[in-house]
Colleague: 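Can you read through this structure? Questions will come right after.
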Number of protein chains: 2
Amino acid sequence: MPARPMTATRFLARMSLETEVGTALSDTRIRLLEEIGRKGSINQAAKAVPLSYKAAWDAIDTMNNLAPEPLVVRVTGGRQGGGTQLTEYGRRIVAMYRALEIEYQAALDRLSERLNDVGGGDIQAFQKLMHSMSMKTSARNQFAGIVTGLRDGGVDYEVRLRLDPRHEITSVITKASAENLNLQIGKEVFAMVKSSSVMLAVDKGMKLTARNQLWGEVVAVHEGPVNNEVTLQLPSGRNVTAVVTQDSCTALGIEVGTEACAFFKSSSVILAAYD
Amino acid sequence: MPARPMTATRFLARMSLETEVGTALSDTRIRLLEEIGRKGSINQAAKAVPLSYKAAWDAIDTMNNLAPEPLVVRVTGGRQGGGTQLTEYGRRIVAMYRALEIEYQAALDRLSERLNDVGGGDIQAFQKLMHSMSMKTSARNQFAGIVTGLRDGGVDYEVRLRLDPRHEITSVITKASAENLNLQIGKEVFAMVKSSSVMLAVDKGMKLTARNQLWGEVVAVHEGPVNNEVTLQLPSGRNVTAVVTQDSCTALGIEVGTEACAFFKSSSVILAAYD
DNA sequence: ACACGCTGTATTGTTTGCTACATAGATTTG
DNA sequence: CAAATCTATGTAGCAAACAATACAGCGTGT
């Protein structure tokens with residue numbers, strides 16, 4: 001974790017349009033719509049987002065009911081058992097949302113820029129607070145790495161990252177984010193994983209679909225009422241923290257000294273880069 | 001529900017500064033800090049926000065731990081049993097957040113203004129969607145009323161609303177919101193209540209602390225696995241929907257035809273106004 | 001000495017949003 | 001007719017966030 005002088009924190013545009021009661025449009029829902037447009041089925045779109053089919057269907061249904069005209073058309077039965085297509089209207093809404101998002105990010109950028117320019121004493125205190133907060137919260141499961149691969153997957157980018165000669169992880173992020181980060185082969189970035197989305201395994205022979213697997217030795221187990229917090233040390237000295245239920249902890253026989261594998265889906269890897 | 005021509009929807013500034021993992025500063029937390037500054041105790045501040053003491057304490061604790069220097073100082077014991085005070089640093093952070101919030105709202109206003117100016121076909125479709133969504137989602141437990149009273153309570157405003165000659169409800173909203181809505185005696189506004197925060201009673205003699213009590217007749221009971229959805233019709237013909245547990249439903253003997261009272265806290269009433 | 005009103009924890013329950021699983025129904029193609 | 005593959009729907013269960021409640025400890029004023 002290099003102690004580089006970090007410049008002003010950038011505000012992230014995590015937009016979501018909310019009504020008085022409940023959320024109407026969020027990034028997840030828009031991504032779901034986009035995937036439907038590409039895949040032609042709720043089922044596959046749900047897998048791509050990722051979401052459970054149920055959640056996806058519910059989201060689609062409420063959106064369809066809320067909107068003045070349907071966003072998607074659904075067909076049951078048929079050659080491939082049916083399918084779902086974006087309507088022209090739906091396509092327009094998605095496009096508008098994305099356009100609005102870009103504008104929103106631009107507005108935020110102007111805002112933070114202004115904050116930097118003015119630079120009074122109080123503002124600096126505020127920035128220092130935000131900075132220290134973001135450092136503290138992201139201090140766990142943060143890996144510095146170098147981009148070694150970049151695959152355009154239509155909407156998503158698959159980013160391959162080398163942490164050290166022995167460890168690589170991959171991250172799948174939206175195209176928009178990728179472009180935003182200005183990713184390039186060789187660029188240094190930070191990868192973060194929430195400890196709750198890290199799973200553990202001990203069986204060396206087991207085949208896992210998860211792309212990211214890091215083997216290490218358990219160096220600490222912090223017991224909670226329901227979940228345990230397990231810290232793994234990788235051969236390189238890096239630490240990985242996972243939060244797993246006590247049950248699976250005992251089932252796997254995890255205790256200090258155990259060899260274990262921390263694995264996580266590439267879609268739960270968050271990337272950050274500082275220019 | 002008058003079908004008035006509604007002008008462009010304004011984006012609401014619900015700002016919250018989020019780090020990669022978790023929310024650091026949100027409106028609720030800042031309001032908590034403000035209340036602490038005024039009341040001098042976490043306990044009373046929590047009641048004012050409102051929040052449970054636990055939630056408030058947790059929030060304060062994490063903020064204090066995250067920040068480079070404490071935002072509050074806490075004392076146990078003493079004349080009034082102790083207390084909590086904002087530090088100078090904490091006061092500065094609150095002030096900065098509020099200032100930033102104003103800037104943020106301004107940025108959003110510029111954004112929505114631009115959206116209105118450009119006004120291409122797609123943008124109008126988008127606005128129509130958002131409009132219809134906010135209408136549809138707020139269709140339940142929405143009451144049109146006229147402001148009959150307005151009491152400045154320091155940070156909060158207590159708004160008295162007349163629905164019809166026989167029914168009045170009161171709402172407590174933050175000063176900021178009140179000013180945003182440009183409330184005045186005689187102004188027509190909409191009041192909304194989530195059906196999950198509506199409670200039921202049948203005992204006519206019972207004294208309730210809740211300010212808002214609406215008597216009516218049960219016209220529908222929609223049974224769910226755990227909760228029932230009970231719809232009351234007021235004498236004026238208005239409908240109120242409450243979601244209550246099956247247990248309390250049977251305990252109160254609620255079925256179609258029962259006379260019942262729907263009551264809710266004034267802090268769970270949301271107001272909306274269209275200029 | 002004692003009461004007061006707060007801090008600091010822990011316990012339990014509720015709500016919300018999701019996942020995972022199960023199953024019925026649709027309809028075209030082979 | 002059967003197979004394939006999706007939509008459409010329900011149920012169970014989990015995890016996070018929060019509410020409600022209880023209670024021990026504290027120290028100043030009366």
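Computation of the quantities below employed the complete heavy-atom set of this structure, encompassing side-chain atoms and omitting hydrogens, waters and symmetry-equivalent molecules. The model shown is predicted, which means the values in this text are computed figures rather than measured ones.
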Colleague: Could you tell me whether B:T245 contacts a base, only the sugar-phosphate backbone, or nothing, with contacts defined as non-hydrogen atoms closer than 4.0 Å?
Modeller: nothing
Colleague: Can you tell if the side chain of A:E69 reaches within under 4.5 Å of the side chain of A:T87, non-hydrogen atoms only?
Modeller: no
Colleague: Please report the distance, rounded to the nearest Å, between CH2 in A:W57 and C1' in C:dC18.
Modeller: 16 Å
Colleague: Hey, can you tell me if B:Y104 and A:Y104 have their rings parallel, tilted or perpendicular (30° and 60° cut-offs)?
Modeller: perpendicular
Colleague: How long is the gap from CG on A:L71 to CD1 on A:I36, to the nearest 0.5 Å?
Modeller: 9.5 Å
Colleague: Considering only heavy atoms from C-beta outward, does the side chain of B:V244 approach that of B:L252 to under 4.5 Å?
Modeller: no
Colleague: Nearest-Å distance, CD1 (A:I42) to P (D:dT5)?
Modeller: 18 Å
Colleague: Return yes if some donor-acceptor pair links the side-chain N/O of A:S171 with the main-chain N/O of A:V269 below 3.5 Å, else return no.
Modeller: yes
Colleague: Can you tell me if the side-chain N/O atoms of B:T84 get under 4.0 Å from OP1 or OP2 in C:dC6?
Modeller: no
Colleague: Given 3.5 Å as the limit, does a donor-acceptor pair link the side chain of B:N141 with the main chain of B:V193, or not?
Modeller: yes
Colleague: Give the rounded distance in Å between these two atoms: CG of A:N43 and C1' of D:dT9.
Modeller: 14 Å
Colleague: Distance-only, no hydrogens or angles: does the B:R91 side chain make a donor-acceptor pair with backbone N or O of B:L86 under 3.5 Å?
Modeller: yes
Colleague: Measure CD/A:Q85 against P/D:dC6 and give the value in whole Å, please.
Modeller: 12 Å
Colleague: Is it true that B:E34 and B:R31 make a salt bridge, defined as a side-chain N closer than 4.0 Å to a carboxylate O?
Modeller: no
Colleague: Please report, rounded to the nearest Å, how far the P atom of D:dA8 is from the CG atom of A:D58.
Modeller: 12 Å
Colleague: Quick one: on DNA chain C, does A:R29 or B:G83 contact a more 5' nucleotide (nearest heavy atom)?
Modeller: B:G83
Colleague: How does protein contact run along nucleotides 19-30 of chain D, one letter per nucleotide 5' to 3', with B for base contact, S for sugar-phosphate only, - for none, heavy atoms under 4.0 Å?
Modeller: BB-----BBBS-
Colleague: From NZ of A:K47 over to P of C:dC21, roughly how many Å is that when rounded to an integer?
Modeller: 13 Å
Colleague: Using the test salt bridge (charged side-chain N to carboxylate O under 4.0 Å, His left out), find all partners of A:E158 that sit at least two apart in sequence or belong to another chain.
Modeller: A:R151, A:R211
Colleague: Which whole-number value in Å describes the distance from A:K39 NZ to D:dT5 C1'?
Modeller: 16 Å
Colleague: Do the side-chain N or O atoms of B:R74 get closer than 4.0 angstrom to the phosphate oxygens (OP1, OP2) of C:dC6?
Modeller: no
Colleague: What does the inter-axis angle of the helix from C:dA1-D:dT30 to C:dG30-D:dC1 come out as, five pairs per end, nearest 10 degrees?
Modeller: 20°
Colleague: Measure the distance from CG on A:L32 to P on C:dC18 and round it to the nearest whole Å.
Modeller: 11 Å
